[in-house]
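Basis for what follows: all heavy atoms, side chains included, without hydrogens, waters or symmetry-related copies. Everything numeric in this text was worked out from a predicted model, so none of it was measured. In what follows, chains carry the letters A, B, and so on, assigned in the order in which the sequence lines appear, proteins first and then strands, with residues in each chain numbered from 1.
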Amino acid sequence: MSDKKLDTVRHSMSHVMAEAVLQLFPDAKIAIGPAIENGFYYDFDLPRPLKEEDLAEIEERMKKIIAAKTDFVCKIVSREEALKLFEGQDYKIELIKNLPEGEQISVYTQGIFTDLCRGPHVKNTSELNPQAFKLLSVAGAYWRGDENRPMLQRIYATAWENPKELRLYLQHLEEMEKRDHRKLGKELDLFSLHEEAGPGLVYWHPKGARIRIAIENFWRDEHVKNGYEMVFTPHVGKSWLWETSGHLDFYNAGMYPPMVMDNANYYAKPMNCPFHIMIYNNRKRSYRELPCRWAELGTVYRYEKSGVLHGLMRVRGFTQDDAHIICTPQQMEDEVLTVLRFSLYMLKNFGFTEISAYLSTKPEKSVGDDEKWEAATVSLKKAIEAENLPYEIDEGGGAFYGPKIDLKIKDAMGRAWQLSTVQFDFNEPERFKMVYVDQDGKEKQPYMIHRALLGSIERFFGVLIEHYAGAFPVWLSPVQAIVIPVAPAFDDYAKKVEKALREKMIRVESDLSDQRMNAKIRNAQNEKIPYMIVCGEKEAETNSVSIRLRTGQQMNGFPLAEAISFIEDKIVKKEVI
RNA sequence: GCCCUUGUAGCUCAGUCGGUAGAGCACCUCCAUGGUAAGGAGGGGGUCACCGGUUCAAGUCCGGUCGAGGGCUCCA
C-alpha cells in the first residue's frame, strides 16, 4: 500500500472513530481528525473526560461501523448549506467561516456521520481493516493549538494495512519503551533527577559520570586538534550583561529569576555567548588574531515550563558544548565549512551515520543588514553542498539574529534528533560593539558564529542511551570489563588480571562477591558490560583469560596480554563491541 | 502553564467491601566453594507524596497542594 493510500485509510478511520464517539456521546462537539505519522487522531469536546474503558468501547463500535460496509459519500455544498448542516457544531462552523471565499466546500458522509472534509477517503468502510487499528491514548489538546482556546480531548490511534504491520508497530513501541533513557538511567544507575532538589536538574551518578568524562575527553582533544582554545567563564552575571545582550528583553521568561546582591541583580546564565564576548572585548583585537575559536562546556540554566521537562531530553540546567568563532568576512566561508565537517566527524564517532541538515533563513523580523544575511546564508548552503548532505531549507525559519544550520541524526529506532547547530549572530557583535582592527587600520565588526556539536551533554547522553539501548560502545562503557573468578580460590588471579587491565587504563572491576559465577555473569550481562573476563583453574595455570562478550559470544583461552590488546584496540577504534 | 492519568520499602509492584502494611529484587548475617543469565536460610527496612475533610475507624472515600507520566503549547 502506498503511503498516500495508507494516509487515506487512516483519515477514513478517524471519521469512523468520530462516528463511534458520537454514538457514545450524541452531544459531543467534533473538531478535526487528520491522519498523522503511524496513525490518526480526532479532537472532541465531550461532556466528561474519557477513560481507558471508553477506548475499548469506541474500538468495538468502530469495528461494527466498519463491518456495516457503508460508503463514504462526497457532496459539494454551498457555504450556507454547510453552515446549516453543522449547526451547533461550533468548531466546524468556525472552520467553515475561516474558509477563503470561493473555496469549494465538500462534506463526506458514511453511515449516519457527516464531516466537513476535503478528503480523500476510501470508497467503502470495507476497505478498512478492523484488525489493523488500535486506539492508543487520550490527551488534551488546545483547539487550533492555541493555549487561550478551549482544551479538547484528543484520541490518538494507530492504523495499518494489515494486522501484521500493526503488530510490528506495537512491538516497535514496546522496544522504544524498553530503551527509554529514564528507565535505563535508573536500571544502569547512570543519573537521577530530584523533585525536592529542583525539577529539571540532573545528578550524574558515578557510572554516568564515567561516560560523560569519556565524551568530554574526546570532545576536548578533538577541539584542540581543530584549532580551538578552551575558556572558562562564570555561571552568573549581573543584569548589565543581559541588558546589553538583549536577553532580558527577549528572553526574560526563559531565565531563572535573579539573585539580588549588593544592589545588583545576578542571573544564572541561559547562554554562554556574552561571557565569551567579554573575553574578546577585554582588549583591542587585530585581524591578525582572527579567527578566534573559543570553546567551553558551559552549563546554562533556563526556566523551562514544568510541563515540558522530560528526563534528560528537556531540562532546566544543562551543559552546552559551546563555542564561538569570531572571524573576518573573508574567513567566514572556510570557518563554516570546517565547523560542519568537524560536526559530522564528531557525530560519526558516536555512531550516528544518518545525518541530514536544515538550513533556516532570514525571518521577517530580523537584525543585521541584508548583505550580511545573504553572505552568511550562502556560506552555510555552500558548506552543506560541499559535504553532500541531504538538506531542507526552512525559508524564514532562522532566528532574528542570524541564519543557521541544524543537523539531525537518526537513531537506531529511526527517530530523528536535532543535535548540532551552527548559527550566525548579527545581534550581539552590534550590541556589545565588538570590533577588530583591520589591515587598513580601521575598526570593523567581525562575524560571530555560535555552534554546538552535540547540543547539550545531558540531552546527547539521553540520545546515546536510547540509541544503544544502554549497551554503549566499549570506549564509552562505564565498566569496560569485569573479571569474574569461577570460585574464590581464583580471586588472587582475578585481582592480578584486574590490575593488568587497570594499568592499561581500561575501566575494569572484579566481582569477588560470594555469589555463584552464574549470578555474576547474569549481573554483568544486565549491566551490559562489554567484556566478562572469566578466570578459573585453566586460566590461572596458563596466564590466560576467557572472555564472554555481552552478545553471548565466548573467546576462551586468550593469553592475558593478547586479551588486553584486543580490548585496547576496540577502545581506540571506537567499536561497539 | 493547560487537559487526562498517576504517587504504597532503594527498585518493580500487590493490597478485595474502609478495619490499621505485603511480595519479589536489592541490602545485612550465616551456610554453600562454584566453568558462562538468579544456590539456600534468616534478618533489617514504610508517617502508604504532603495538607485538610468525612467516619468509631482512611493506603482505600472527598477536596486541595506538590511531584511524576502521556499530550498540547513553548523552545528569541
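Between A:Phe426 and the choices A:Tyr401, A:Trp373, A:Phe400, the ring-ring contact (aromatic ring centres under 6.0 Å, His included) rule is met once, by A:Trp373.
Considering only side-chain atoms of A:Val486, the nucleotide from B:rG39, B:rA76, B:rG35 that sits closest is B:rG35. Side chain of A:Lys538, nearest nucleotide from B:rC2, B:rG35, B:rC31: B:rG35. Residue A:Arg314 has its side chain nearest to B:rC75 when only B:rC75, B:rG35, B:rG70 are considered. When distances are taken from the side chain of A:His247 to each of B:rA76, B:rG39, B:rG71, the shortest belongs to B:rA76.
In this structure, A:His310 reaches the B:rG70 phosphate: one of its side-chain N or O atoms is under 4.0 Å from OP1 or OP2. At B:rU12, one or more side-chain N or O atoms of A:Lys186 fall inside 4.0 Å of OP1 or OP2 (strictly under the cut-off). The phosphate of B:rG69 has OP1 or OP2 within less than 4.0 Å of a side-chain N or O from A:Arg182. In terms of phosphate contacts, A:Tyr156 brings a side-chain nitrogen or oxygen within less than 4.0 Å of OP1 or OP2 of B:rC72.
You'll find a donor-acceptor pair under 3.5 Å spanning the side chain of A:Arg548 and the base of B:rA37, going by distance alone. Judged by atom type and distance alone, A:Tyr142 reaches the base of B:rG1 through a side-chain donor-acceptor pair under 3.5 Å. The base of B:rG35 sits with one of its N or O atoms less than 3.5 Å from a complementary donor or acceptor on the side chain of A:Glu539.
The side-chain contact (heavy atoms from CB on, under 4.5 Å) check on A:Ser245 picks up A:Trp242, A:His247, A:Pro274, A:Glu428, A:Phe432, with sequence neighbours excluded.
Contact annotation for A:Asn523: no contact, since no heavy-atom pair falls under 4.0 Å across all strands. A:Ala399 comes within 4.0 angstrom of nothing in the nucleic acid, heavy atoms only. Among the heavy atoms of the strands lying under 4.0 Å from A:Glu537 is at least one base atom, whether or not backbone atoms are also near. A:Asp180 comes within 4.0 angstrom of no nucleic acid atom, judged by non-hydrogen atoms across all strands. Among the atoms of the strands shown, none is found under 4.0 Å from any heavy atom of A:Pro485. Residue contacts shown for A:Asn526 include a base, since a base heavy atom lies under 4.0 Å away. Residue A:Arg154 is in sugar-phosphate contact alone, with no base atom involved, counting any heavy-atom pair closer than 4.0 Å across all strands shown. Backbone-only contact: A:Gly145 has heavy atoms under 4.0 Å from sugar-phosphate atoms and none from a base.
Rounded to whole Å, the distance from CZ on A:Arg522 to C1' on B:rG24 is 12 Å.
Here the side chains of A:Phe424 and A:Val336 are in contact, with some heavy-atom distance below 4.5 Å.
By the 6.0 Å contact criterion, NZ on A:Lys410 is open, its count of non-hydrogen atoms from other residues, nucleotides or ligands being 12 or less. For A:Met278, the CE atom counts as loosely surrounded, since its 6.0 Å shell holds 12 or fewer non-hydrogen atoms of other residues, nucleotides or ligands.
Applying the Watson-Crick and G-U wobble criteria (two distances, each under 3.5 Å), B:rC50 pairs with B:rG64. The nucleotide B:rU12 finds its pairing partner in B:rA23, both defining distances of the Watson-Crick or G-U wobble pair being shorter than 3.5 Å. Nucleotide B:rC72 has B:rG1 as its partner under the Watson-Crick or G-U criteria, with both atom distances under 3.5 Å. When both distances must be under 3.5 Å, the Watson-Crick or G-U wobble mate of B:rC17 does not exist.
With RNA chain B read from its 5' end, the first of the two nearest nucleotides for A:Glu304 and A:Ala487 is the one closest to A:Ala487. Between A:Arg144 and A:Gly536, it is A:Gly536 whose nearest contact on RNA chain B lies nearer the 5' terminus.
Neither side chain, A:Ser546 nor A:Gln554, offers a donor N or O lying under 3.5 Å from an acceptor on the other.
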